[in-house]
Amino acid sequence: MDLVGRPADAGRVAFEREASSSRAPSAPFAGAPNGEHAQSDADAVASRAQTSKMRTEELRAFFGRSEVIRGITLPIPEKKVTAIIGPSGCGKSTFIRCLNRMHEVVPGARSTGKVLLDGQEISRGVDPVRIRRRVGMVFQKPNPFPTMSIRDNVLAGLRLNGLRPKDPASLVESALRRVALWDEVKDGLGRSGLSLSGGQQQRLCIARTLATEPEVILMDEPCSALDPIATARVEELIHELQSSYTIVIVTHNMQQAARVSDYTAFFYMGELIEHGRTDAMFTRPRQQKTEDYITGRFG
Amino acid sequence: MGGSEAAFSVEARDPVERFHTDREYEQQLTSLREQVLFMGACVEELLTGAVEAFQERDTERARRVATLDRQVDRLEVDIDDACLQVLARRQPVASDLRFVTTALKVVTDLERIGDLATNICARVIELGAHTSSAGRETIGKMADTTRSMLRDALDAFVAGDALRAQAVIERDARVDKLYADLFPLLIARMTSQPEIVDQAMRVLSIAKHLERIADHATNLAEMVVFMVKGEDVRHARGGDVRG
């Protein structure tokens with residue numbers, strides 16, 4: 001993949017950022033405790049040589065009176081891929097929607113507990129729009145804005161955030177290069193985003209997320225609507241992005257979790273059953289429930 | 001949340017209790033297990049026959065028993081193929097993955113045991129009706145222990161019994177000791193009775209084969225421990241020189 005114009009660099013020359021949103025990873029929010037909190041043994045596995053980019057503590061999420069996340073404490077290591085697996089309805093999508101304040105968008109939805117980003121509590125008291133720019137999201141179905149061109153789709157996230165890129169052309173190019181889509185679309189940037197194949201659309205949506213320079217990328221079943229080749233391309237992209245971003249991926253596809261992630265968390269009925277290194281998880285899980293689920297013995 | 005325990009606690013599961021959601025997958029794994037067992041039974045029969053042919057100096061029996069090796073070789077190929085099919089088409093994980101990769105390795109050791117037992121048959125045929133008793137008693141003891149090791153390793157594989165497998169591993173030293181003791185004994189006999197050198201060398205070779213078979217049975221047992229507990233216990237006994 002072409003590494004020219006990585007978005008972190010391109011962004012700096014391409015447009016002005018608000019001074020307050022500096023994203024130097026070594027200096028998180030002033031006055032915030034740095035990264036690691038009191039070390040519970042829950043994340044000993046993940047944090048042995050790792051700092052947590054994000055972390056939930058006793059996170060509970062509700063839809064009305066029903067509790068769908070039941071007290072989950074989970075570290076999300078920086079610049080690693082964390083996969084969340086579990087049967088339908090186990091709360092994995094709700095969980096990642098809590099990580100960027102999307103859960104609260106649903107009427108009647110609320111959450112308790114903490115969500116920390118660089119050690120700072122973000123689940124209340126901060127502007128959700130700012131959080132969503134730092135913690136971007138890619139959805140199950142590719143959802144380019146139907147009335148917009150490819151070019152405008154890439155820039156849409158920035159514009160929605162009220163940012164005016166200085167050099168939109170180079171920003172569009174670098175974001176599209178980053179997702180390996182540039183060569184396929186460079187001659188038709190004015191075409192509708194919907195003119196692309198499903199796999200290309202999904203990469204366009206990832207480019208749209210990258211253009212806002214997030215620090216964390218949440219992916220909710222990003223390949224479930226894609227064929228195996230398009231899936232392989234997205235997975236390759238995940239490997240590429242991992243050096244610059246912290247990634248959390250929700251997937252029904254166990255093999256995908258095994259292929260792309262460094263850490264895997266298994267959720268069942270709103271609880272975290274097991275969390276650890278992916279290599280151990282798929283060869284010798286510690287919990288019988290995990291074993292039964294990943295081998296297909298879940299009754 | 002149990003994500004922080006240092007030790008793995010997945011124990012041998014009751015095979016009756018936890019079936020795969022997909023029955024056909026369950027059936028594939030069951031039939032793979034049965035094939036490995038059948039191959040194990042063939043190898044046991046081959047080894048037992050070879051040892052008894054030696055004890056009775058029965059060259060006819062040795063010839064008959066040796067033909068079993070063909071079947072063992074065929075089974076190795078079939079089981080390898082069945083394992084590849086499961087790996088390619090089912091992408092097994094966790095205990096299923098450990099079972100399939102263990103089966104792949106088990107058949108290699110079983111095949112080697114088959115070859116070594118066939119070699120014993122060949123030595124028995126060469127010995128013919130020679131009746132020198134040199135080493136016969138020790139070989140009998142070695143054969144008993146080696147056969148019980150093979151049997152227990154296979155039983156442990158079927159039952160997913162790591163404890164029984166561990167006991168097999170510990171018994172290997174006994175066979176090594178018998179072989180080490182036999183060696184100077186036969187040398188002494190050869191020195192005092194040069195006319196039996198020819199026979200004694202063959203007896204020594206049979207002892208060596210049995211000692212190697214015990215090593216392979218030990219390998220099987222180590223794989224069973226891995227399959228059950230997910231722990232690799234190979235090479236855990238330090239740098240002792242074996243055999």
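Note that this is a predicted model, so its numbers are computed, not measured. Just so it is clear: chains get the letters A, B, ... in the order the sequence lines come, proteins before strands, and each one is counted from 1.
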Open item on the list: Looking at A:E291 and B:S95, would you say the former's side chain and the latter's main chain have a donor-acceptor pair under 3.5 Å?
Closed with: yes

TODO: Please name the pair of heavy atoms, one in A:R284 and one in B:G230, separated by the smallest distance, quoted to 0.1 Å.
DONE: NH1-O, 3.3 Å

Open item on the list: Restricting to non-hydrogen atoms, name the atom on B:L97 and the atom on A:F282 that form the minimum distance, rounded to 0.1 Å.
Closed with: CD2-O, 4.0 Å

Open item on the list: To check you understand the geometry: which heavy-atom pair defines the closest contact between A:I294 and B:V93, and what is its length?
Closed with: O-CG2, 3.1 Å

Task: OG1 on A:T295 to CD on B:Q91, rounded to 0.5 Å - done: 14.0 Å

- [ ] Mark yes when over 12 heavy atoms from residues, nucleotides or ligands other than B:E45 sit less than 6.0 Å from its CD; otherwise mark no.
- [x] no

Task: Smallest separation among heavy atoms of B:T21 and A:G296, with atom names - done: OG1-O, 2.5 Å

Task: More than 12 heavy atoms of other groups within 6.0 Å of B:R151 CZ - done: no

Open item on the list: Heavy-atom count check: over 12 atoms from other residues, nucleotides or ligands less than 6.0 Å from B:R70 CZ?
Closed with: no

TODO: Please say whether more than 12 non-hydrogen atoms of neighbouring residues, nucleotides or ligands are located less than 6.0 Å from CZ in B:F183.
DONE: no

